Amino acid sequence: MRVLITGAAGRIGAVLREGLRGRYECLRLSDKRPLPDPVEGEQFVVADLTDLDAMIDVVDGIDVIVHLGATAAEDAWPVILHNNIAGTFNLFEAARIRRVRRILFASTHHVVGYYPRGKRLGVDEPVRPDSRYAVSKAFGETLARLYADKHGIEVVVMRIGTFRPRPLDRRMLSAWISRRDVIDLVRCCIEAPRVHYEVVFGVSDNRRNWWDVGSARRLGYVSQDDAESFAAEIEAGIPIAESAAASQFQGGSNCATEFSADLEKLLASLARRR
């Protein structure tokens, strides 16, 4: 099997590179930023998702794509539009042209960020995005459905929780996914028998979990970690102050913050120079 990871220079990409190393015939790594030198079984290709011709070359000969490449947090609209919407379209279109069999699309739990905390969610609940970033991921989920239904590309949408070495606050006691669990989730989604279009929540087996992980388990995912092992330390510490909106909804601070007009203009100007 030949596997491509886009956004391989990012936090999750770096963890997957290490965790999946040596497992597949070829692990191709792509980013617009440089990476450490590839080892045996790895290939590194510098490419920008917004360049369709480059992406057609990057996905050539690949069986499964793990699509992490994106702006991974809230940002100005021109940045989100450029990287997360145009870039995601190019990735799927390149995969169609090169007849890639399967795509794992890294979505986010923020696509359901405006549901109240404590509400148990399945994968069929309507999206309630909490930011422009989350809107772009909801777009990606819908685009993925089109390419699954119309072009026969197998798709697994991974709504990834909060990925950190350890949970840092009370919200993360529900939303956290550990390093080894994210590796195992991706491995299972790569290696699962034939799928059409699946949505899974990427979260550890947290006692306070808000999300149904049944679809992930059907693909073979078994979490090894639980954020509750950090709960006593977090509860004993000084709580992080949250606004009423942030503390009410699953998306946390994304539900309460917005860029100032001046900052947004600055970020938009920087985006045009990229």
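All values reported here derive from a predicted model rather than from experimental measurement.
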Any donor-acceptor N/O pair, [X] side chain to [Y] backbone, under 3.5 Å:
{"X": "R208", "Y": "L173", "value": "no"}
{"X": "R132", "Y": "I80", "value": "no"}
{"X": "R102", "Y": "A192", "value": "yes"}
{"X": "E42", "Y": "L27", "value": "no"}
{"X": "Q250", "Y": "G113", "value": "no"}
{"X": "T108", "Y": "H110", "value": "yes"}
{"X": "S174", "Y": "N209", "value": "no"}
{"X": "D225", "Y": "I177", "value": "no"}
{"X": "K137", "Y": "A106", "value": "yes"}
{"X": "S136", "Y": "N84", "value": "no"}

Report yes if the side chains of [X] and [Y] come closer than 4.5 Å at any heavy-atom pair, otherwise no.
{"X": "L49", "Y": "N90", "value": "no"}
{"X": "N83", "Y": "V79", "value": "yes"}
{"X": "D184", "Y": "Y221", "value": "yes"}
{"X": "P167", "Y": "I234", "value": "yes"}
{"X": "L104", "Y": "V64", "value": "yes"}
{"X": "Q43", "Y": "L29", "value": "no"}
{"X": "I5", "Y": "R28", "value": "no"}
{"X": "D31", "Y": "V46", "value": "no"}

Between [X] and [Y] (salt bridge meaning N to carboxylate O under 4.0 Å), is one present in this structure?
{"X": "R179", "Y": "E18", "answer": "yes"}
{"X": "R166", "Y": "E233", "answer": "yes"}
{"X": "E93", "Y": "K150", "answer": "no"}
{"X": "R145", "Y": "D149", "answer": "yes"}
{"X": "R101", "Y": "D63", "answer": "no"}
{"X": "R120", "Y": "E125", "answer": "no"}

Among the clusters formed by ILVMFWY side chains lying less than 4.5 Å apart, do [X] and [Y] turn up in the same one?
{"X": "F163", "Y": "V112", "answer": "no"}
{"X": "L68", "Y": "F44", "answer": "yes"}
{"X": "V200", "Y": "V213", "answer": "no"}
{"X": "L146", "Y": "F105", "answer": "yes"}
{"X": "V3", "Y": "V186", "answer": "yes"}

From [atom1] ([X]) to [atom2] ([Y]), nearest 0.5 Å:
{"X": "N254", "Y": "D130", "atom1": "CG", "atom2": "CG", "value": "4.0 Å"}
{"X": "S215", "Y": "M158", "atom1": "OG", "atom2": "CE", "value": "12.0 Å"}
{"X": "C255", "Y": "R117", "atom1": "SG", "atom2": "CZ", "value": "8.5 Å"}

Parallel, tilted or perpendicular for F92 and H67, by the 30°/60° rule?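 Geometry flag for H67 against F92: perpendicular rings.
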Return the orientation label for the F201 and W211 ring planes: parallel under 30°, perpendicular over 60°, tilted otherwise. parallel
Minimum heavy-atom separation for [X] to [Y], with atom names?
{"X": "G69", "Y": "T6", "answer": "N-OG1, 3.0 Å"}
{"X": "R187", "Y": "Y24", "answer": "CG-OH, 3.8 Å"}
{"X": "R17", "Y": "V39", "answer": "NH2-N, 4.3 Å"}
{"X": "A256", "Y": "A246", "answer": "CB-N, 3.9 Å"}
{"X": "V127", "Y": "A138", "answer": "CG2-CB, 4.4 Å"}
{"X": "N206", "Y": "D226", "answer": "CA-OD1, 3.2 Å"}

side-chain contact (heavy atoms from CB on, under 4.5 Å) between R98 and D57: does it pass, once the steps are laid out? CA-CA 9 Å; R98 291 301 192 196; D57 290 338; 4.0 Å; yes
Evaluate the side chain to side chain donor-acceptor pair (under 3.5 Å) criterion for residues R164 and S178: first the C-alpha distance (whole Å), next the side-chain angles of each, then the deciding distance (0.1 Å), finally the verdict. CA-CA 7 Å; R164 295 287 187 277; S178 70; over 6 Å; no
Run the side-chain contact (heavy atoms from CB on, under 4.5 Å) test on V155 and V195 for me, step by step, so that the C-alpha distance in whole Å, both residues' side-chain angles and the decisive distance to 0.1 Å come before the verdict. CA-CA 7 Å; V155 175; V195 299; over 6 Å; no
Yes or no on ring pair (Phe, Tyr, Trp, His ring centres under 6.0 Å) for W176 and F230, after CA distance, side-chain angles and deciding distance? CA-CA 11 Å; W176 181 62; F230 300 93; 5.6 Å; yes
Go through the steps to decide whether D212 and V123 satisfy the test side-chain contact (heavy atoms from CB on, under 4.5 Å), and finish with yes or no. CA-CA 7 Å; D212 184 348; V123 297; over 6 Å; no
Start with the C-alpha distance between M1 and E25, add both sets of side-chain angles, then the distance that settles side-chain contact (heavy atoms from CB on, under 4.5 Å), and finish with yes or no. CA-CA 5 Å; M1 189 183 297; E25 174 190 352; 5.8 Å; no
